[in-house]
Amino acid sequence: MARSVVIVGGGTAGWMTASYLAATFGDKLSITLVESKNVPTIGVGEASFSTIRHFFSYLGLAETDWMPDCHATYKLAIRYDNWRAEGHHFYHPFERPRVVEGVSLADWWLHKRPSADYDRDCTVIAALCDAKRSPRRLEGSLLALDAGEHASERMSRSTMAEQTTQFPYAYQFDATLLAKLLTRYGKDRGVRHILDDVVEAAADERGDLTHVRTKENGDLSGDLFIDCTGFRGMLLNKKLGVPFLSYQDTLPNDRAVALRVPMEMADQGMGPYTRSTAQDAGWIWTIPLYGRIGTGYVYAGDYCTPDEAERTLREFVGPAAENLEANHIRMRIGRSESSWVNNCVAIGLSSGFVEPLESTGIFFIQNAIEQLVKHFPGGRDDDRLRASYNRQVANVMDGVREFLVLHYVAAKRDDNDYWRDAKTRTMPDVLAERIEQWKVKLPDADSVFPYYHGFEPYSYTAMILGLGGLDMRSLPGLALMDDVAATKELRQVRDQAATLVEQLPSHWEYLKHVNELKGMRP
């Protein structure tokens, strides 16, 4: 049984791991985290999945405990600008389509085509995003999209596997501030924190790590080592030689340039969403935080130079970008062949990464931590536990890869080589076959990537119908069915959206209220 863990690397991955293990095992597990004072973290403002709430719930942290400290905001959707055509936008919301007469409202929409906007016709969240509304009222109550929403708030220590209803929002937060908050949380619960440089790692004849050597604190020994060293993969890839499997043949975006932009949100309002704006060689993210925005250009180095990318980003931001320091990042796109080898587990960027188009970085970390707890080594069955863990983690990343490739293949935009090449680039196995199937029958549980990867069929549907680049046909059988109930449901979606827009406070108004209660200022 592993009794001691050494985590190499801090940041979001390291401190999410340390705090979660401390919350799980308490003083029965010795946890040491060593991080360098000289290695900066990459995070410039992180967006997440709706499942992230299970992480905070597991730690016993309410929104009011952590959101103000991390300048956090709500995220009801991702808004895609210019992916279909210049000036067009649509949302990928955290909202499942309703079912009418046993058929998804998405299928009815494709049959009836009440307007050109699937998201606004079939979801309430699209209207809330357009109106920049909060998902909560000032007294704290949550909007209800269906009868299960309020019940889904009542959690104790739950994991992503317990999310049976679709919660209507995720979060956006400053990654550096979150790491600081989790540092305090972990240290309060016994995590040993060492600020030092790890200069080498040692392994025995079986390949198990025995210790890491630090510059000032000597050797740190443990039973289990967790590699949170980012794209360097210091323990898993460099020391143990685990191969890295690149995804760049299908996802060529391998660089990013980012800015932290001070912004007076009270003047312009704050959309409750992450924004992805298509560009000539990739896309620009915009993440609104409390008091600033995080923004960056994700691009393919084969189509754009770093200087061109920085110039594009600064022009996109406008005068607010003047005199701000740009952070240039080279991304390693793909995954380690195995994320757990011998007594070393890679979590975060050292395990794998795809471009941040669907905010999967934090999700990968959370999934890996939850799976580590479920597969925690005990001795006799460790080989089988590692094999199970590696299968699950690999499937999650491979599934996300497939979903992201769909974004580019299904995007109607084709105005330059980058976007035209996206339609002819190599696809993961069977994705081309799936796409042909989806053209005649929208995605369902039997036709999407078959293993858990965080995205339900409705996400595929939202992207396909929003991106507009595929020739979609409606189900023939709907022409023989009575559409009265479907027409009524489409009207109810619009009516409910209009009512909630009137009732709910603005996103900024709610966050200002919560922050002021805790004595925080923008």
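Note that the structure is a prediction, hence the values are computed from the model and not measured.
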Once rounded to the nearest 0.5 Å, what's the spacing between atom [atom1] of [X] and atom [atom2] of [Y]?
X: Trp285; Y: Gln172; atom1: CH2; atom2: CD; answer: 13.0 Å
X: Thr360; Y: Phe403; atom1: OG1; atom2: CZ; answer: 10.5 Å
X: Met397; Y: Gln392; atom1: CE; atom2: CD; answer: 9.5 Å
X: Gln248; Y: Met331; atom1: CD; atom2: CE; answer: 8.5 Å

Ion pair check, [X] and [Y], cut-off under 4.0 Å:
X: Arg79; Y: Asp81; value: yes
X: Arg260; Y: Asp174; value: yes
X: Arg413; Y: Asp415; value: yes
X: Glu63; Y: Arg136; value: yes
X: Asp483; Y: Lys488; value: no

task = Would you check if the side chain of Asn416 reaches a backbone N or O of Tyr418 as a donor-acceptor pair within less than 3.5 Å?
result = yes

**Request:** Measure from NZ or CZ of Arg425 to the centre of the six-membered ring of Tyr408, then state whether that distance is under 6.0 Å and the direction lies within 45° of the axis.
**Result:** no

Side-chain H-bond candidate by donor/acceptor type, [X] with [Y], under 3.5 Å:
X: Asp121; Y: Ser115; value: yes
X: Thr159; Y: His54; value: no
X: Gln279; Y: Tyr303; value: no

Check the surroundings of atom CD in Gln492: do more than 12 heavy atoms from other residues, nucleotides or ligands lie under 6.0 Å from it?
yes

Can you label the angle between the [X] ring and the [Y] ring as parallel, tilted or perpendicular, going by 30° and 60°?
X: Tyr91; Y: His89; answer: perpendicular
X: His407; Y: Trp83; answer: perpendicular
X: Tyr80; Y: Phe90; answer: parallel
X: Trp108; Y: His111; answer: perpendicular
X: Tyr171; Y: Tyr169; answer: perpendicular
X: Tyr58; Y: Tyr20; answer: parallel

